[in-house]
Amino acid sequence: MVRQHGAELTDEELIGFGTTLLVGGHETTATQLALSVLALLRHPDQLAVLRDDPGATGPAVEELLRHLAIPAPLLRTAAADVEVNDHRIAEGEHVLLSPLTANRDPELVPERPDDLDLRRRPVAQLSFGFGAHQCLGQQLARLELKVALPALLRRFPALRLAVPEAELRFREGSTVYGVEALPVTW
């Protein structure tokens, strides 16, 4: 069958992409939502920015994605000899990459890279990977966050943790960093 863009993808491949978006996107977006709410509850001034200024939503979501990068560190193998910051990595050597650490690099974010600042001008970040490993569902995830976070904060302006923060448990040994549960009340 010839499609609008030729026969690049089979029906099975398209079904596979759709399934990946549905299944893979659910866990990561739910995790990002929970961590974003936790970060905002920790920073009430930033929560107010997102809740009260509809124009801040896009940059706020980008900053939350940068600040919280949920993918676990990625193991990659050098396909060829390469030099990175005056350090030689030989073909076949393994490299562990951390999106969270990369997203807080002072060369990328020169002013207070560890701070959450929802009014920060969006910067390039690696929360969705890069190149061939870039997340297929990143635009859907961004849209979900742009809709859900402000709606939640406006609907429940008195939102707060229902347990002491010290009682929260975080995932261990998962490919996606996050809280196991985020009990809230309002």
Engineer: Quick one: list whatever passes ring pair (Phe, Tyr, Trp, His ring centres under 6.0 Å) with F130, sequence neighbours left out.
Structural biologist: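 For F130, no residue satisfies ring pair (Phe, Tyr, Trp, His ring centres under 6.0 Å) once neighbours in sequence are set aside.
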Engineer: Could you state the interatomic distance from CD (Q125) to CD (E62), rounded to the nearest 0.5 Å?
Structural biologist: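 Answer for the CD-CD pair, Q125 versus E62, is 5.5 Å.
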Engineer: Ignoring hydrogens, what is the shortest heavy-atom contact between E83 and D86? Give both atom names and the distance.
Structural biologist: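 So the two residues come closest at OE2-CA, 3.6 Å.
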Engineer: I'd like to check S127 versus P99 (side-chain heavy atoms, cut-off strictly below 4.5 Å). Are they in contact?
Structural biologist: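 No, too far: nothing below the 4.5 Å cut-off.
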Engineer: Any donor and acceptor pair, going by atom type alone, linking the side chain of Q46 with main-chain N or O of L118 inside 3.5 Å?
Structural biologist: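 Yes, Q46 side chain to L118 backbone: donor-acceptor pair under 3.5 Å.
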Engineer: For a side-chain contact (heavy atoms from CB on, under 4.5 Å) check, start with the C-alpha distance between L38 and R42, then their side-chain angles and the critical distance, and finish with the verdict.
Structural biologist: CA-CA 6 Å; L38 177 59; R42 288 175 172 164; 3.8 Å; yes
Engineer: Which residues pass the side-chain contact (heavy atoms from CB on, under 4.5 Å) test with E180, not counting sequence neighbours?
Structural biologist: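 Partners of E180 under the side-chain contact (heavy atoms from CB on, under 4.5 Å) test: R169, R171.
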Engineer: Do the side chain of E93 and the main chain of A90 share a donor and acceptor less than 3.5 angstrom apart?
Structural biologist: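 Between the backbone of A90 and the side chain of E93 there is a qualifying donor-acceptor contact (under 3.5 Å).
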Engineer: Check the pair F128, L65 against side-chain contact (heavy atoms from CB on, under 4.5 Å), reporting the backbone distance first and the verdict last.
Structural biologist: CA-CA 9 Å; F128 291 111; L65 289 164; 3.6 Å; yes
Engineer: If you group Ile, Leu, Val, Met, Phe, Trp and Tyr by side-chain heavy-atom gaps below 4.5 Å, do L96 and Y177 land in one group?
Structural biologist: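 Different hydrophobic clusters.
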Engineer: Enter the distance from E165:CD to L182:CG here, rounded to the nearest 0.5 Å.
Structural biologist: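 Atom-to-atom, E165:CD and L182:CG are 9.5 Å apart.
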Engineer: How close do L168 and P183 get, counting heavy atoms only, and between which atoms?
Structural biologist: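 It is CD2-CD, 3.8 Å.
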Engineer: Consider only side-chain heavy atoms of I, L, V, M, F, W and Y, link residues closer than 4.5 Å, and tell whether V49 and L152 are in one cluster.
Structural biologist: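 Yes, V49 connects to L152 through the hydrophobic network.
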Engineer: Quick check: does any side chain N or O of T77 sit under 3.5 Å from a backbone N or O of H94, one acting as donor and the other as acceptor?
Structural biologist: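 Not at all, since once roles are kept as given, no pair shorter than 3.5 Å links the two residues.
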Engineer: Could you go step by step and tell me if L68 and S36 meet the side-chain contact (heavy atoms from CB on, under 4.5 Å) rule?
Structural biologist: CA-CA 8 Å; L68 300 169; S36 294; 3.7 Å; yes
Engineer: Under the 3.5 angstrom rule, does the side chain of D81 hit a backbone N or O of E91 as a donor-acceptor pair?
Structural biologist: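 Indeed, once roles are kept as given, a pair shorter than 3.5 Å links the two residues.
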Engineer: Any chance you could lay out the side-chain contact (heavy atoms from CB on, under 4.5 Å) test for L145 and L64, step after step, and finish with the verdict?
Structural biologist: CA-CA 10 Å; L145 294 166; L64 287 162; over 6 Å; no
Engineer: Kindly assign one of parallel, tilted or perpendicular to the pair H67 and H43, based on the angle between their ring planes and the thresholds 30° and 60°.
Structural biologist: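 Aromatic pair H67/H43 classed perpendicular.
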Engineer: Measure the CG-OG1 distance between L35 and T31 for me, rounded to the nearest 0.5 Å.
Structural biologist: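 Answer for the CG-OG1 pair, L35 versus T31, is 7.0 Å.
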Engineer: Does this structure show an ion pair linking R120 with E63, if we count only N-O contacts that are shorter than 4.0 Å?
Structural biologist: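 Between E63 and R120 there is a salt bridge, with a charged N closer than 4.0 Å to a carboxylate O.
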Engineer: Please check if L126 and L108 belong to a single hydrophobic cluster, counting links between Ile, Leu, Val, Met, Phe, Trp and Tyr side chain heavy atoms closer than 4.5 Å.
Structural biologist: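 Shared cluster, no.
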Engineer: Quick check against the 3.5 Å criterion: does N85 have a side-chain atom that pairs as donor or acceptor with the backbone of H87?
Structural biologist: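 No: the side chain of N85 does not pair with the backbone of H87.
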Engineer: Would you say the side-chain atoms of D115 pair up with the backbone N or O of D117, donor to acceptor, closer than 3.5 Å?
Structural biologist: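 No; zero donor-acceptor contacts below 3.5 Å.
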Engineer: Counting only heavy atoms not in E111, do more than 12 sit closer than 6.0 Å to its CD atom?
Structural biologist: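 No, CD of E111 has 12 or fewer neighbouring heavy atoms, counting only those of other groups under 6.0 Å.
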Engineer: Going hydrophobic residue to hydrophobic residue with side-chain gaps under 4.5 angstrom, can you get from V84 over to V95?
Structural biologist: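 Both belong to a single hydrophobic cluster.
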Engineer: Near E172 CD, under 6.0 Å, is it more than 12 heavy atoms from other residues, nucleotides or ligands?
Structural biologist: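 Counting neighbours around CD of E172, 12 or fewer heavy atoms of other residues, nucleotides or ligands fall under 6.0 Å, so no.
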Engineer: With rounding to the nearest 0.5 Å, note down the distance linking OG in S98 to CZ in R104.
Structural biologist: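 Separation between the atoms: 9.5 Å.
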Engineer: With hydrophobic residues grouped by side-chain heavy-atom distances under 4.5 Å, do L136 and L140 end up in a single group?
Structural biologist: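 No; tracing contacts between hydrophobic side chains, which count when under 4.5 Å, never links both residues.
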Engineer: Taking the side chain as every heavy atom from C-beta outward, state whether V147 and L143 have any pair of such atoms under 4.5 Å apart.
Structural biologist: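 Sidechains of L143 and V147: in contact.
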Engineer: So how far is it from R154 CZ to L149 CG, rounded to the nearest 0.5 Å?
Structural biologist: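 The distance works out to 10.5 Å.
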Engineer: Would you confirm whether T57, through its side chain, and P54, through its main-chain N or O, come within 3.5 Å as a donor-acceptor pair?
Structural biologist: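 Answer holds: yes.
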Engineer: To the nearest 0.5 Å, how far apart are OG1 in T185 and CG in L159?
Structural biologist: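 It comes to 8.5 Å.
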Engineer: Looking at R66 and N103, would you say the former's side chain and the latter's main chain have a donor-acceptor pair under 3.5 Å?
Structural biologist: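 It does hold such a pair.
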